[in-house]
Asks: 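Structure below; questions to follow.
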Amino acid sequence: MNTAHARRVVSGLAFAAVGALALAGCAGGGNGAGSGDSLSIYIDSAPSTIALFDGLVEAYKQVEPDVTIELETHPAGGEGDNLVKTRLSTGDMNDLFAYNSGSLLQALTPDNTLVSLADQSWVDKLDPNFTNAVSTENGLYGAPVFASFAGAMIYNKDIYADLDLEIPTTWDEFMANNEVISKAGLTPVVQTFGDTWTSQLFVLGDFYNVAAAEPDWAERYTAGEAKYVDEPALAGFQKGQDVFDAGFLNKDFASARYEDGVRMLAEGTAAHYPMLTGNVAPAIGENFPDADASIGVFPIPGDDAASNGLTVWMPNGVYLPKTTEGEKLDAAKNFLEWLTTPEACAAQAEAATLGGPFVVDGCELPDDAATLVKDMQPYFDEGRTGLALEFLSPIKGPGLEQITVEVGSGIRSAADGAALYDQDVEKQAQQLGLDW
């Protein structure tokens, strides 16, 4: 989220991890400080991140009581990104650091700055999506911290049971369900454009379907060859238009806020909410715990039931800079190995509300995991998950959330919105120095 996972999913969305707790005495220690029995980790200052690592540090003390781990924080967001890049370029990075996986990691030129972990025994336990998100052709560079989450359709199971509906695996089936729900006097689909970032999920969460139809779409998109105005990517914009045109939205969709969407779903006045599981799981747990068993999740459906799967976001990674050497390198590798154990996963689940399954074999969901998170596990077990586009391409235009509000409000057609977004991302491609 996660995450949360900020996790650079959509503008205004925080790292969908978890909890809050400040760690006292978190002074920096660069890679040269102390002995092999002391490690320093550079993390962002979001309360959820600090809480997560505080729990990990405490748990690791039970395993390695002679190893002292200090946490140094930096601001989240762009300022923090620049500090991480500066430390790596000047050789002043801490022994370990936590950072995004996916395309943002690639911007750190990991082949030049990080220690490859491809030869570590625990690598074979990683979910292939995470492996992809922390790898180049020359190495694998990170161990996961926290869990995955998905961009999907959150739904009310009680409504489905009362109306004898089945989980749809195609868009036509989804729209047919909405017709039944509407006739029953309920809101079929919640949209909350009062928080504009929430408008993007039909586009972002549909990427599993895009990649299933054209596996090289992300590569061609980065090269300037694939466009949203063409199928299969146009479908994400079209879905936002479809539910508006059919009259399936809540009457206050233009002003409703994210919290309203979660409330309507929990109270059973609405059936569906396209949203990030890393946000909804903790929101239900904190505000509507009695509704947990009623809230589930399924993938945003495409046209082909045979290729139905979840679009997923991977957790951040913990990385080793090449400046970490000798005893510290050994101690840091031991910590990363522990980070991929069931004990470490349990510590993370204790420190935070999970928004999705872990990405390490052997790490099971706790019994008190949210029902919607448990719904996700079969998709992981069956290999029916695919990375969100941001893990495969550095290109995401800043105007997407405004465009999807316009499409989802009937102000602009799906085709016009997709064409406008294609123009929007051209500017970013130029900023990234891509030859379009």
Asks: Are side-chain N/O atoms of Gln377 and Asp381 paired as donor and acceptor at under 3.5 Å?
Replies: yes

Asks: According to ring pair (Phe, Tyr, Trp, His ring centres under 6.0 Å), who are the partners of Tyr228, at least two apart in sequence or on a separate chain?
Replies: Trp217, Tyr221, Phe237, Tyr421

Asks: Considering only heavy atoms from C-beta outward, does the side chain of Ser101 approach that of Phe391 to under 4.5 Å?
Replies: yes

Asks: Got Asp424 and Leu420 here, is their nearest side-chain heavy-atom distance under 4.5 Å?
Replies: no

Asks: Looking at Ile411, is its backbone amide N or carbonyl O close enough to the side chain of Ser409 to form a donor-acceptor pair, meaning the two atoms are under 3.5 Å apart?
Replies: no

Asks: From the options Phe335, Tyr42, Phe97, select the one residue that forms a ring pair (Phe, Tyr, Trp, His ring centres under 6.0 Å) with Tyr319.
Replies: Phe97

Asks: Are there over 12 heavy-atom neighbours, none belonging to Glu225, within less than 6.0 Å of that residue's CD?
Replies: yes

Asks: With no hydrogens and no angle check, just 3.5 Å: does a side-chain donor-acceptor pair link Tyr208 and Asn308?
Replies: no

Asks: Please output the side-chain donor-acceptor pairs of residues 150-157 that fall under 3.5 Å, not counting sequence neighbours, one pair per line with the distance.
Replies:
from: Asn156; atom 1: OD1; to: Asp158; atom 2: N; distance (Å): 2.9
from: Asn156; atom 1: OD1; to: Ile159; atom 2: N; distance (Å): 3.0
from: Asn156; atom 1: ND2; to: Leu265; atom 2: O; distance (Å): 2.9
from: Lys157; atom 1: NZ; to: Asp375; atom 2: OD1; distance (Å): 3.2
from: Lys157; atom 1: NZ; to: Asp375; atom 2: OD2; distance (Å): 3.1

Asks: Using only heavy-atom distances, determine whether the side chains of Asn138 and Thr136 contain a donor-acceptor pair under 3.5 Å.
Replies: no

Asks: Any donor and acceptor pair, going by atom type alone, linking the side chain of Asp172 with main-chain N or O of Asp303 inside 3.5 Å?
Replies: no

Asks: Mind listing the closest non-hydrogen atom pair of Leu108 and Lys85 along with its distance?
Replies: CD2-CG, 3.6 Å

Asks: Any Lys/Arg nitrogen of Asp416 or Arg412 sitting under 4.0 Å from an Asp/Glu carboxylate oxygen of the other?
Replies: no

Asks: Assign the ring pair Phe244 / Phe253 to parallel, tilted or perpendicular, where the plane angle (0 to 90°) is split at 30° and 60°.
Replies: perpendicular

Asks: Answer yes or no: is there a side-chain heavy-atom contact under 4.5 Å between Thr341 and Val360?
Replies: no

Asks: Below 4.5 Å, heavy atoms only, C-beta onward: do Pro321 and Leu88 meet side chain to side chain?
Replies: yes

Asks: Between Ile300 and Lys239, is a side chain to side chain contact (heavy atoms under 4.5 Å, CB included) present by the stated rule, with each step listed?
Replies: CA-CA 10 Å; Ile300 292 177; Lys239 287 166 184 173; 4.2 Å; yes

Asks: Test your reading of the model: is there a side-chain donor-acceptor pair from Gln200 to the backbone of Trp197, 3.5 Å cut-off?
Replies: yes

Asks: Quick one: salt bridge (Lys or Arg N to Asp or Glu O under 4.0 Å) pairs with a partner in residues 259-270, sequence neighbours left out?
Replies: Asp260-Arg263, Arg263-Glu267

Asks: How far does SG of Cys363 sit from CG of Asp127, to the nearest 0.5 angstrom?
Replies: 11.5 Å

Asks: Less than 4.5 Å apart, any side-chain heavy atom of Asn132 and any of Leu392?
Replies: yes

Asks: If only atom types and distance count, is the side chain of Asp44 paired as donor or acceptor with the main-chain N or O of His74 below 3.5 Å?
Replies: no

Asks: Is it true that a side-chain atom of Gln106 and a backbone atom of Ser135 form a donor plus acceptor pair closer than 3.5 Å?
Replies: yes

Asks: So, Gln191 versus Asn250: side-chain donor-acceptor pair below 3.5 Å or not?
Replies: no

Asks: Please answer whether the main-chain N or O of Glu390 pairs with a side-chain N or O of Ser393 as donor and acceptor at a distance below 3.5 Å.
Replies: no

Asks: When rounded to the nearest 0.5 angstrom, what is the spacing between CD in Glu426 and CD1 in Ile395?
Replies: 10.0 Å

Asks: Let's go through Asn129 and Thr385 carefully: what are the C-alpha distance in whole Å and the side-chain angles of both, what is the deciding distance for side-chain hydrogen bond (donor to acceptor under 3.5 Å, both in side chains) to 0.1 Å, and is it a yes or a no?
Replies: CA-CA 8 Å; Asn129 286 314; Thr385 61; 2.8 Å; yes

Asks: So that I know where these two stand, are His272 and Phe174 an aromatic pair - ring centroids less than 6.0 Å apart?
Replies: yes

Asks: What's the verdict on salt bridge (charged side-chain N to carboxylate O under 4.0 Å, His left out) for Arg87 and Glu72, showing C-alpha distance, side-chain angles and the deciding distance?
Replies: CA-CA 13 Å; Arg87 288 202 176 189; Glu72 182 183 3; 2.8 Å; yes

Asks: Main chain of Leu320, side chain of Thr324: is a donor-acceptor contact present, judged purely on distance under 3.5 Å?
Replies: no

Asks: Evaluate Arg257 against Asp195 for salt bridge (charged side-chain N to carboxylate O under 4.0 Å, His left out), listing each step before the verdict.
Replies: CA-CA 5 Å; Arg257 308 297 295 268; Asp195 287 317; 2.7 Å; yes

Asks: Got more than 12 heavy atoms from elsewhere within 6.0 Å of CD, Glu166?
Replies: no

Asks: Looking at Asp435, I want to see if its CG is surrounded by more than 12 non-hydrogen atoms of other residues, nucleotides or ligands under 6.0 Å.
Replies: no

Asks: To check you understand the geometry: which heavy-atom pair defines the closest contact between Ala370 and Asp292, and what is its length?
Replies: CA-OD1, 3.4 Å

Asks: Should the heavy atoms of other residues, nucleotides or ligands under 6.0 Å from CG of Asn287 be counted, would the total exceed 12?
Replies: yes

Asks: Taking atom CG of Leu234 and atom CG of Asp422, what is their separation to the nearest 0.5 Å?
Replies: 9.5 Å

Asks: So do Phe53 and Val145 actually touch side chain to side chain, heavy atoms under 4.5 Å?
Replies: yes

Asks: Supply the atom-to-atom distance Thr187 OG1 to Asp252 CG, rounded to the nearest 0.5 angstrom.
Replies: 8.5 Å

Asks: Of the options Val115, Asp111, Leu117, which is the one that meets Tyr141 in a side-chain contact (heavy atoms from CB on, under 4.5 Å)?
Replies: Asp111

Asks: Using a distance-only test with no angle check, is there a side-chain donor-acceptor pair under 3.5 angstrom linking Asp242 and Trp171?
Replies: yes

Asks: For Tyr379 and Val312: C-alpha separation, side-chain torsions, deciding distance, then whether side chain to side chain contact (heavy atoms under 4.5 Å, CB included) applies.
Replies: CA-CA 10 Å; Tyr379 293 96; Val312 296; over 6 Å; no

Asks: With no hydrogens and no angle check, is any side-chain donor or acceptor of Lys374 less than 3.5 Å from a backbone partner on Asp368?
Replies: no

Asks: Quick one, Thr198 with Glu401, criterion side chain to side chain contact (heavy atoms under 4.5 Å, CB included). Give me CA distance, side-chain angles, the key distance, then yes/no.
Replies: CA-CA 8 Å; Thr198 68; Glu401 63 188 70; over 6 Å; no

Asks: Using only atom types and a distance under 3.5 Å, with no angle test, would you say the side chain of Thr192 pairs donor to acceptor with the backbone of Gly194?
Replies: no

Asks: Take Asp81 and Tyr99 through the side chain to side chain contact (heavy atoms under 4.5 Å, CB included) test and state the conclusion after the steps.
Replies: CA-CA 9 Å; Asp81 285 349; Tyr99 195 70; 3.2 Å; yes

Asks: First locate atom CH2 of Trp313, then atom CG of Leu204, and finally report the distance between them rounded to the nearest 0.5 Å.
Replies: 5.0 Å

Asks: Taking the six-membered ring of Trp436, is the NZ or CZ of Lys227 close enough (under 6.0 Å from the centre) and on axis enough (within 45°)?
Replies: yes

Asks: Measure the CE-OG1 distance between Met264 and Thr269 for me, rounded to the nearest 0.5 Å.
Replies: 4.0 Å

Asks: For Asn112, is there any backbone N or O sitting under 3.5 Å from a side-chain donor or acceptor partner on Thr109?
Replies: no

Asks: Let me see the working for Thr73 and Ser45 under side-chain hydrogen bond (donor to acceptor under 3.5 Å, both in side chains), right down to the final yes or no.
Replies: CA-CA 5 Å; Thr73 62; Ser45 59; 5.3 Å; no

